[in-house]
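Working notes for the structure below.
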Amino acid sequence: SAGEYIFPLNLAGSSNLLSMDTNACPLLFDPYPQISINNFEIQPSGFYSVAQLSRDRHIVLDSNFQPVDTFKAVGPYEADWHEFVHTDSFALILIYDDSIIDMSPYHPQGKPNAVVDGTVIQKQDLNGNLLWQWESWGRVPFSATNLPTSLAGAAVDLLHANAIDI
């Protein structure tokens, strides 16, 4: 079960699948030299997954760590490597959605061409069809930040999402 294994974070650009037991003894070390991967983990569906960084997609792996499916963001978005959830009936994909926004109305030193991070979460069926989508734009006000001075930067990290829990 998932509670019996440790999946160390693969640093961006890594190409190894690694899992260990709770005594830190390697259970799997599988070089994946053909692609740059991240976020190797077991999914609620019982499958494994990795994020393929160069293609902005998540690869679903069977119990032999062979690819059986892939998921990409639907529409103009690119899937982020931070989070992907694969269940028996749907998949959730986390997306960073950066936009150029004039931040001067929101902070005295706000930049007129700031790059502001937004977040999108997509729910897809197991064929990759979009079932539902949530966007932070228009739902999370700039006043919600705990760090008002961050609104003055050239890059504004308003909503930094790294995980989805179901």
Side-chain angles (χ1 to χ4, degrees), residues 2-3 5-15 17-19 35-61 69-107 109-166:
Y5 304 108
I6 299 169
F7 293 84
L9 175 66
N10 288 16
L11 297 176
S14 173
S15 58
L17 301 181
L18 173 64
S19 66
I35 61 173
S36 180
I37 60 170
N38 204 332
N39 209 27
F40 174 47
E41 60 188 342
I42 192 166
Q43 292 292 331
S45 62
F47 288 94
Y48 298 87
S49 69
V50 294
Q52 183 177 1
L53 300 176
S54 62
R55 300 260 178 116
D56 304 311
R57 65 181 182 163
H58 295 272
I59 303 170
V60 179
L61 308 169
D69 209 345
T70 60
F71 286 84
K72 295 183 75 135
V74 175
Y77 304 110
E78 294 181 357
D80 181 68
W81 67 267
H82 279 95
E83 188 67 278
F84 171 73
V85 177
H86 185 269
T87 73
D88 292 330
S89 58
F90 63 88
L92 295 170
I93 298 176
L94 181 66
I95 300 162
Y96 284 165
D97 183 27
D98 296 342
S99 291
I100 306 295
I101 296 178
D102 179 0
M103 294 302 293
S104 60
Y106 306 102
H107 192 279
Q109 287 86 38
K111 306 295 184 263
N113 293 311
V115 178
V116 181
D117 289 342
T119 297
V120 176
I121 300 171
Q122 290 186 344
K123 180 179 181 179
Q124 299 178 9
D125 66 20
L126 296 181
N127 293 315
N129 298 307
L130 184 64
L131 300 174
W132 173 84
Q133 179 170 291
W134 180 87
E135 300 174 13
S136 62
W137 301 116
R139 291 180 177 83
V140 179
F142 295 121
S143 60
T145 184
N146 290 330
L147 302 169
T149 55
S150 70
L151 299 179
V156 177
D157 194 0
L158 178 65
L159 184 66
H160 189 99
N162 279 348
I164 301 170
D165 190 18
I166 57 169

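Please read all numbers here as calculations on a predicted model, not as lab measurements.
Annotation: side chain of Ile121 is not in contact with side chain of Ile95 (no heavy-atom distance under 4.5 Å). When side chains are defined from C-beta on, Val156 does not count as touching Asp117, because their heavy atoms never get closer than 4.5 Å. A 4.5 Å side-chain heavy-atom check between Gln124 and Leu131 finds every atom pair outside the cut-off. Using a 4.5 Å heavy-atom threshold, the side chains of Trp81 and Gln52 count as separate. By the 4.5 Å heavy-atom criterion applied to side chains, Trp137 and Asp97 are counted as neighbours.
Side-chain contact, Ser45 with His86: a donor N or O sits under 3.5 Å from an acceptor N or O.
Between Leu61 and the options Val50, Asp69, Ile42, a side chain to side chain contact (heavy atoms under 4.5 Å, CB included) holds for only Val50. The only member of Lys72, Gln122, Glu135 that meets side-chain hydrogen bond (donor to acceptor under 3.5 Å, both in side chains) when paired with Tyr77 is Glu135.
For the pair Gln43 (side chain) and Phe84 (backbone), a donor-acceptor distance under 3.5 Å is present. Remark: the backbone N or O of Ile164 is paired with a side-chain donor or acceptor of Glu83 at under 3.5 angstrom. Judged by distance alone, with hydrogens and angles left aside, the side-chain atoms of His58 form a donor-acceptor pair with the main-chain N or O of Asp80 at under 3.5 Å. Counting only distance, with no hydrogens or angles, the side chain of Ser99 and the backbone of Ile101 share no donor-acceptor pair below 3.5 Å. Using a distance-only test at 3.5 Å, with no hydrogens or angles considered, a donor-acceptor pair links the side chain of Lys111 to the main chain of Ala152. The closest donor-acceptor contact from the side chain of Asp125 to the backbone of Asn127 lies under 3.5 Å.
The two residues Asp102 and Pro105 have their closest heavy-atom pair at O-CD, 3.3 Å. In terms of heavy-atom proximity, Phe71 sits nearest to Ala91 at CE2-CB, 3.8 Å. Shortest non-hydrogen contact noted between Phe47 and Val60 is CB-CG1, 3.6 Å. When all heavy atoms of Gly153 and Ala114 are compared, the closest pair comes out as O-CB, 3.7 Å. Heavy atoms only, all atoms of each residue included: Thr87 and Leu126 are closest at O-CD2, 3.8 Å. Considering all non-hydrogen atoms of both residues, Ala73 and Ala79 come closest at CB-N, 3.7 Å.
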